[in-house]
Amino acid sequence: MKEISITTHFNAFDVIEDLPIDVQDLMAKAIKVRKNAYAPYSKFRVGVAILLDNGEVVLGSNQENAAYPSGLCAERVAIFYAGANYPQANILKMAITAASDSNQTTAPIPPCGSCRQSIAEYEIRQETPIEIYFMGEVGVIYKSESLKNLLPFMFDKKFL
Ligand code: THU
């Protein structure tokens, strides 16, 4: 038996003003669109802004449903919109922010497992990394240089 270790890493920015200027703008758009979340059940609002290599910015927020599993996370709302409307464009960066109506989120809030898997599909398809920045309502912002840091042992088409 041998042990296998996988190392992953992130960068942390203390405040939004420390981010590169284009990412500050992207995060501001994610914060704004977070208000559009339809989250009557969880009261947890997620906003996402995606920068494409054609200059377009695609936005998304979580959309819930009385039949809970029929709802969709903000990350997938945004990335599926990008794939559906700009299939030739590469995704450069994603900014994610989440806030709760019941308590202030201060920790960086990462995309859920299903969203990581969905983002992975697009990163593999375009063969270039997607930078992912994520935060709560306030506080530190984490940066992942690639989706691979968030999903290091991923399932993808090479196993099919
Ligand atoms: N949610 C997202 O939009 N993204 C995630 O990565 C995690 C969770 C949404 C789904 C649901 O509407 C609410 O947050 C609570 O789980």
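Values below: every heavy atom of this structure, side chains too, minus hydrogens, waters and symmetry copies. Whatever order the structure lists ligands and atoms in, that order sets their numbers, starting from 1.
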All N/O donor-acceptor pairs, side-chain side in residues 16-25, below 3.5 Å, sequence neighbours left out:
{"from": "Asp22", "atom 1": "OD2", "to": "Lys93", "atom 2": "NZ", "distance (Å)": "2.7"}
{"from": "Gln24", "atom 1": "NE2", "to": "Glu17", "atom 2": "O", "distance (Å)": "3.1"}
{"from": "Gln24", "atom 1": "NE2", "to": "Leu19", "atom 2": "O", "distance (Å)": "2.9"}
{"from": "Asp25", "atom 1": "OD1", "to": "Lys29", "atom 2": "NZ", "distance (Å)": "3.4"}
{"from": "Asp25", "atom 1": "OD2", "to": "Lys29", "atom 2": "NZ", "distance (Å)": "2.9"}

Could you pull out every donor-acceptor pair under 3.5 Å between side chains of residues 149-160 and any protein atom, sequence neighbours left out?
{"from": "Asn149", "atom 1": "ND2", "to": "His9", "atom 2": "O", "distance (Å)": "3.3"}
{"from": "Asp156", "atom 1": "OD1", "to": "Lys158", "atom 2": "N", "distance (Å)": "2.9"}
{"from": "Asp156", "atom 1": "OD2", "to": "Lys158", "atom 2": "NZ", "distance (Å)": "3.1"}

Report, one line per pair, each donor and acceptor closer than 3.5 Å where one atom sits in a side chain of residues 36-48; sequence neighbours left out.
{"from": "Ser42", "atom 1": "OG", "to": "Phe44", "atom 2": "N", "distance (Å)": "3.0"}
{"from": "Ser42", "atom 1": "OG", "to": "Glu64", "atom 2": "OE2", "distance (Å)": "2.5"}
{"from": "Lys43", "atom 1": "NZ", "to": "Pro40", "atom 2": "O", "distance (Å)": "3.1"}
{"from": "Arg45", "atom 1": "NE", "to": "Asp101", "atom 2": "OD1", "distance (Å)": "3.0"}
{"from": "Arg45", "atom 1": "NE", "to": "Asp101", "atom 2": "OD2", "distance (Å)": "3.4"}
{"from": "Arg45", "atom 1": "NH1", "to": "Ala37", "atom 2": "O", "distance (Å)": "3.1"}
{"from": "Arg45", "atom 1": "NH2", "to": "Asp101", "atom 2": "OD2", "distance (Å)": "3.4"}

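Glu137 and Thr97 share no donor-acceptor pair across their side chains, judged by distance under 3.5 Å alone. Residues Ser61 and Gln63 bring a donor and an acceptor atom of their side chains to less than 3.5 Å of each other.
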Show the short N or O contacts, below 3.5 Å, that ligand 1 makes with protein N or O atoms; if there are none, say 'none'.
{"from": "ligand 1", "atom 1": "3 (O)", "to": "Ala74", "atom 2": "N", "distance (Å)": "2.9"}
{"from": "ligand 1", "atom 1": "4 (N)", "to": "Glu75", "atom 2": "OE1", "distance (Å)": "2.7"}
{"from": "ligand 1", "atom 1": "6 (O)", "to": "Glu75", "atom 2": "OE1", "distance (Å)": "3.4"}
{"from": "ligand 1", "atom 1": "6 (O)", "to": "Glu75", "atom 2": "OE2", "distance (Å)": "3.1"}
{"from": "ligand 1", "atom 1": "6 (O)", "to": "Cys112", "atom 2": "N", "distance (Å)": "2.8"}
{"from": "ligand 1", "atom 1": "12 (O)", "to": "Asn62", "atom 2": "ND2", "distance (Å)": "2.9"}
{"from": "ligand 1", "atom 1": "12 (O)", "to": "Glu64", "atom 2": "OE2", "distance (Å)": "2.5"}

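Contact detail for Cys115 and Cys73: the closest heavy-atom pair is SG-CB, 3.3 Å.
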